[in-house]
Each structure stands twice: as structure tokens, then as C-alpha cells.
*Asks:* 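Okay, here's the structure, questions in a sec.
Quick note: numbers below take in every heavy atom, side chains included, and nothing from hydrogens, waters or symmetry partners.
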Number of protein chains: 2
Amino acid sequence: MTLDQTPRVTDHPVRLEARPLYQQIRDLLVKRIIDGIWRPGSYLPSEQQLCTELGVSIGTIRKAMEDLVSQGILERQHGRGTQVVAHSSAQSRFRFLRFVHADGRPLDPVAHLLRQSVRNATLEERRQLELDAHEKVLVLLRTRSEAGEPLVYEKVILPAEMFARLDLKTGADISEEIYVFYQKRCGVTIMRTQDQIGLDSADAAIAEALGTKTGEPVLHVRRISFGLDGRRVEYRQSWSARLKYQTELD
Amino acid sequence: MTLDQTPRVTDHPVRLEARPLYQQIRDLLVKRIIDGIWRPGSYLPSEQQLCTELGVSIGTIRKAMEDLVSQGILERQHGRGTQVVAHSSAQSRFRFLRFVHADGRPLDPVAHLLRQSVRNATLEERRQLELDAHEKVLVLLRTRSEAGEPLVYEKVILPAEMFARLDLKTGADISEEIYVFYQKRCGVTIMRTQDQIGLDSADAAIAEALGTKTGEPVLHVRRISFGLDGRRVEYRQSWSARLKYQTELD
DNA sequence: GAGTGGTCTAGACCACCTG
DNA sequence: AGGTGGTCTAGACCACTCT
């Protein structure tokens with residue numbers, strides 16, 4: 001973000017880098033969020049303040065911000081200011097929880113953590129999370145239930161170092177979405193996921209958790225989640241005997 | 001799009017409607033596309049021309065166009081012009097074909113139309129397509145194969161009137177995506193779909209088409225597709241024994 | 001070289017929220 | 001009333017494409 005002091009007809013700042021100014025500004029804003037200078041939920045300086053601080057025109061700032069709004073990183077409120085998006089339970093559910101009942105009704109589940117452990121990553125897990133050979137993973141086994149009835153069995157694999165401060169309690173029912181804990185406790189914001197849905201047949205653990213028989217067909221969802229910086233931060237597998245997976249394409 | 005001739009400090013055109021000018025422009029552009037004034041693949045007038053024609057500034061035109069680009073309705077090419085997006089087979093496949101092989105490899109299938117017929121819509125079909133009681137539907141039964149091996153069995157329900165000019169040949173292998181025919185022959189552009197993925201067990205027709213046994217578990221995808229004007233234009237069900245469904249959320 | 005979209009600036013005014 | 005984001009305008013210059 002450097003000004004060129006050479007006199008020019010319109011006296012523009014100049015792009016020393018090849019990339020457009022507004023993209024550089026955009027990335028600078030993202031960097032400040034990742035670095036924790038602006039935390040989730042807090043307000044950015046006003047457009048005017050950023051203009052003078054960064055020495056660019058307001059249109060350029062706005063264009064950078066619009067990009068981030070459309071990416072879901074910022075949220076603007078007319079008359080009030082611009083906030084870094086903080087994941088709320090309701091919003092995460094709407095955005096990332098794609099299971100619905102067979103008739104299309106939305107789900108409102110509580111999560112129950114069955115077991116957690118830290119161990120070396122398997123080859124598969126290293127590949128999915130792009131981990132080095134020596135890195136350890138935190139493994140969460142949990143169910144999601146509604147009205148006491150278990151509907152989803154889930155195995156969540158996380159890079160242990162990144163999630164050292166996660167500190168979930170085994171055994172308790174939690175209605176808060178886990179992505180909220182990722183953000184609040186570990187500074188990890190999930191921005192994007194890749195989901196793959198297929199058939200599977202229930203093994204003993206799945207059958208017991210979902211109350212079906214071993215070998216019964218179940219829906220299997222394999223998810224890789226990406227953080228603000230684009231790195232892979234979660235590898236999750238979900239199994240369900242009765243729910244459907246719903247999504248929109250555009 | 002009306003100019004207010006009252007003298008004002010900055011001599012702006014004025015919004016007689018409550019909605020912002022750029023939104024009115026955006027909707028006007030969409031209307032012209034729907035009305036066939038600008039057809040898929042053709043070029044719009046340049047930004048400058050639209051400015052003078054519509055009596056607004058270039059920034060307003062640009063903002064309207066940017067909206068439509070992000071919706072996938074327009075496509076801009078630097079130095080060349082702005083086009084109405086025409087569905088190509090490759091692009092439709094990338095955008096709307098979500099099946100992949102079990103190992104994640106993308107699919108490159110040919111479609112084979114088994115049977116087509118026109119009949120009254122069932123209650124279920126009327127509900128999914130929001131049709132009136134008397135309306136008829138065009139039913140397509142087809143498979144998608146790769147290397148001669150059938151991988152997907154598909155039942156496509158279309159409002160008969162809207163797709164009167166579709167004119168598909170039964171029995172031939174077609175590698176072109178059907179959405180291209182929708183657009184070219186029937187003027188229907190698919191903009192958005194809602195997909196629901198669940199478990200099913202193969203009935204006789206599915207089992208025969210896919211070469212599996214009746215009662216075997218299969219992946220079941222139920223899709224509703226929406227046109228440019230937001231109306232429901234296609235209700236499709238797909239079954240597959242071996243493929244997975246892959247999608248991204250952000 | 002002429003024409004197109006892409007970037008960037010500058011400034012006015014409007015609509016909304018908060019004190 | 002003062003500050004914030006939202007809309008709209010006007011104009012310069014840049015980068016790309018075609019002929």
C-alpha cells in the first residue's frame with residue numbers, strides 16, 4: 001500500500017504491485033482479521049477513517065469491503081458500521097448444517113460428545129487435512145439428537161495443535177454449534193466446506209449410536225472444511241439412517 | 001426509468017420508485033433478456049450506450065451489471081463486451097452435475113433417453129412444480145452412462161406447455177447436457193436448483209436400468225430447478241448405486 | 001487506433017442509527 | 001446533531017481486443 005509521489009495528471013496512488021489496489025486493500029483487511037487486530041463481532045474503523053489511514057479513495061475501500069461482505073467475512077449495517085462476522089449458533093446451523101428430516105422439515109438438534117482423544121493421524125487423515133507425518137489429531141466422536149432420539153453419528157478429526165484450546169466436555173448435551181467454539185476458543189473461522197455424500201453400511205459403532213442394525217444402509221457425508229486463510233482445518237464424517245442432505249446450487 | 005427535470009444542486013435523476021436506480025436498471029436488463037431482446041450468447045450494448053439510452057451514469061449501469069454477473073446471468077470480457085450467458089455443455093456439467101465416482105473422480109457421461117410421454121401431473125408433481133390442476137407434464141426416463149455402463153437412472157418431470165418444443169429423440173446417446181436444450185429450444189434458463197439427497201431402495205425399473213437387484217440400497221437425489229424468472233421449471237429424481245454426490249458450501 | 005470493460009478518484013446527497 | 005453506510009454522478013486513465 002504505497003503512494004507514488006511522482007506528479008501525475010490525476011495524482012492517483014500507483015500500483016507498484018501488479019494487482020489492483022482494492023484487492024491489496026481487501027487482503028490487508030483479511031490479514032488484520034486473521035492477526036486478531038479486528039476480532040469477530042467487533043467494528044472496523046469507518047470508511048472515511050480507513051480512507052485517510054490507507055491513503056486511497058472511499059470507492060476503493062468500499063469495493064474491497066463489498067468483496068468481503070459477499071464472502072461472508074464482513075457484515076455492514078446502515079448507519080451503524082461494519083463488523084467482522086461472528087458465527088452464532090443459529091447462523092452456523094442455517095449455513096452449514098445440511099441435514100433435514102425425510103419430509104424436508106429442518107433439524108434442531110443437540111450434540112452429545114461420546115468420546116475424545118488425541119492420537120497420530122492416519123494416512124487417510126493426513127491426506128485429507130494435508131498434515132505432516134508427525135502431526136497429531138484430536139478425534140471427537142459424537143451424536144446429534146432431537147427429542148432424545150439419535151439421528152446422526154459423527155467422527156470429527158482436527159489438527160491437535162490448532163485446536164489445543166477447544167476443551168469440550170465429554171458426556172454433556174450441547175445445543176451450541178461446534179463451529180462457534182472453533183471461532184471463540186481457537187480463533188478458527190470456517191469459511192467453506194467440501195461435502196461428499198454417498199452410501200455406506202452401518203458398522204457396530206454406527207449401529208449402536210443410531211439404534212439400527214449392523215450392515216443396514218446409511219447415508220454417509222464426508223466433509224472437509226477450510227478456514228479464513230484457505231487451510232484445511234476439519235475432516236468430518238457423518239452417518240445417518242433416516243435424515244436427508246439438502247443443498248442449493250447457483 | 002424516469003428523469004426528474006426539477007433543477008437540483010447536483011442535477012441527479014430521481015427515484016420516483018422507492019427502489020434504488022441500479023436495481024431498477026438491473027431488473028430492466030433481466031426483463032429484456034427474458035423477453036428475448038438480448039438472447040443467450042449475444043452482446044449487450046456497451047456501458048456508454050446504455051448510459052445515454054437510460055439516462056443514468058456509468059457507475060449505476062456497472063453496479064446493475066455486476067449484480068447480474070455475480071448471479072451468473074451476464075458475462076463480461078475485458079476489451080470485448082458483455083454477453084448474456086449461454087449454457088454450454090461443459091459449463092452446465094461443471095455447475096449442475098454433482099455426481100462423482102466413489103474415489104472422487106469427475107464424471108463424463110452420455111445420456112440415453114429410454115422413454116418419454118405426456119400425461120396429467122400427479123399431486124406430488126403439481127406440488128413440486130406449483131402447477132394448476134389441469135396442467136400436463138412431460139416425463140423423461142433416461143440413464144446416464146460412462147463407457148457403456150449405466151451409472152444413473154433419472155426421471156425428469158417438466159411442465160408440458162413450457163417444454164413443447166423440446167423434441168428429444170428416444171433411444172439415441174446424447175453427450176450434450178439437457179439444460180442446453182432447455183435454453184436453446186425452449187428459452188428456459190436454469191439459474192438455481194434445490195437438491196435433497198437421501199437413501200432409497202431400488203424398485204424394478206431402477207434395478208433393471210442400473211443392473212442391480214430390486215431392494216438394493218441406492219442414493220436418491222430429488223431436484224427442483226428454478227428459471228430466470230424464479231419459477232419452478234423442472235422436477236427431477238436421480239438414482240445411483242455407486243456414485244457419490246459432491247458439493248461446496250460457502 | 002478505436003472501442004470495450006476495469007480501476008481509481010472526488011464529491012454530493014440520502015437514509016439510517018445513536019446519543 | 002453528528003456519524004455511518006448507501007446511492008449516484010462525473011471524469012481520468014489503464015488494459016485488453018479487434019481490425
*Asks:* For D/dT4, take OP1 and OP2 only and decide whether either is under 4.0 Å from a side-chain N or O of A/S46.
*Replies:*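 Yes, because at least one side-chain N or O of A/S46 sits under 4.0 Å from OP1 or OP2 of D/dT4.
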*Asks:* Write down the distance between CD (A/Q24) and P (C/dG6), rounded to a whole number of angstrom.
*Replies:*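 My rounded result for the distance is 19 Å.
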*Asks:* Can you tell me how far C1' of C/dG11 sits from CD1 of A/I58, to the nearest Å?
*Replies:*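 Nearest whole value for this atom pair: 10 Å.
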*Asks:* Between atom CZ in B/R19 and atom P in D/dG6, what is the gap in whole Å?
*Replies:*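 After rounding, the reported distance stands at 18 Å.
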*Asks:* Within the 4.0 Å heavy-atom criterion, would you say A/Q77 contacts the bases, only the backbone, or no part of the nucleic acid?
*Replies:*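 Sugar-phosphate only.
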*Asks:* From the list C/dT9, D/dT7, D/dT9, which nucleotide is the closest neighbour of the side chain of B/Y22?
*Replies:*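 Minimum distance to the B/Y22 side chain belongs to D/dT7.
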*Asks:* Tell me, which of residues 60-70 of chain A have any heavy atom that sits under 4.0 Å from an atom in DNA chain D?
*Replies:*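 Output list: A/R62.
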*Asks:* Once you round it to whole Å, what is the distance between C1' of D/dC13 and NE2 of B/H78?
*Replies:*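 These atoms are roughly 11 Å apart.
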*Asks:* Hey, are B/D108 and B/R93 close enough for a salt bridge, meaning a charged N less than 4.0 Å from a carboxylate O?
*Replies:*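 Answer for the salt bridge query: yes.
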*Asks:* Under a 4.5 Å cut-off applied to non-hydrogen side-chain atoms, are B/M191 and B/I73 in contact?
*Replies:*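 With C-beta onward as the side chain, the pair touches.
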*Asks:* Note down the inter-axis angle between the two ends of the helix from C/dG1-D/dC18 to C/dT18-D/dA1, five pairs each, to the nearest 10°.
*Replies:*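 That helix gives 10° between its end axes.
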*Asks:* Considering just the side-chain nitrogens and oxygens of A/T82, establish if one lies under 4.0 Å of OP1 or OP2 belonging to D/dT4.
*Replies:*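 No, outside the criterion.
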*Asks:* Indicate yes or no: at least one non-hydrogen side-chain atom of B/R95 is less than 4.5 angstrom from one of B/S92.
*Replies:*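 Of all side-chain heavy-atom pairs linking B/S92 with B/R95, none is under 4.5 Å.
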*Asks:* Between atom CD in A/Q48 and atom P in D/dG2, what is the gap in whole Å?
*Replies:*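 Taking atom P of D/dG2 as the reference, CD of A/Q48 is at 16 Å.
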*Asks:* Check the distance between C/dC8's P and A/I25's CD1 and give it to me in whole angstrom.
*Replies:*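 Value for this atom pair: 9 Å.
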*Asks:* Using the side-chain contact (heavy atoms from CB on, under 4.5 Å) criterion, which residues pair with B/K184? Sequence neighbours excluded.
*Replies:*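 Expected list: B/V180.
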*Asks:* Are A/L168 and A/I178 packed together at the side-chain level, in the sense that at least one heavy-atom pair is separated by less than 4.5 angstrom?
*Replies:*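 Heavy-atom side-chain distance check passes, below 4.5 Å.
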*Asks:* State whether A/Y245 and A/R98 meet the cation-pi test: NZ (Lys) or CZ (Arg) under 6.0 Å from the six-membered ring centroid, and within 45° of the perpendicular axis.
*Replies:*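 Ring-cation test returns no.
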*Asks:* Rounded to the nearest angstrom, tell me the gap between atom CZ in A/R76 and atom P in C/dA15.
*Replies:*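 After rounding, the reported distance stands at 18 Å.
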*Asks:* If you count every heavy atom of other residues, nucleotides or ligands that lies below 6.0 Å from B/E146 atom CD, does the total exceed 12?
*Replies:*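 More than 12 within 6.0 Å, yes.
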*Asks:* Report the distance from atom CD of A/E47 to atom P of C/dT9, rounded to the nearest whole Å.
*Replies:*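 These atoms are roughly 14 Å apart.
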*Asks:* Assess whether a salt bridge exists between A/K169 and A/E176, defined as any Lys/Arg side-chain N lying under 4.0 Å from an Asp/Glu carboxylate O.
*Replies:*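 Looking at A/E176 together with A/K169, the answer is no, because their closest N to O distance does not fall below 4.0 Å.
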*Asks:* So if I take every side-chain heavy atom of A/Q49 and compare against D/dA10, D/dT4, C/dT9, which nucleotide ends up nearest?
*Replies:*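 Ranking D/dA10, D/dT4, C/dT9 by closest atom to the A/Q49 side chain puts D/dT4 first.
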*Asks:* Check this for me, if you would: do B/E234 and B/R223 make a salt bridge, where the nitrogen-to-carboxylate-oxygen distance has to be below 4.0 angstrom?
*Replies:*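 No, B/E234 and B/R223 are not salt-bridged.
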*Asks:* For a quick test of reading the model: is some side-chain N or O of B/R80 closer than 4.0 Å to OP1 or OP2 of D/dC18?
*Replies:*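 So the side chain of B/R80 is within the cut-off, an N or O lying under 4.0 Å from OP1 or OP2 of D/dC18.
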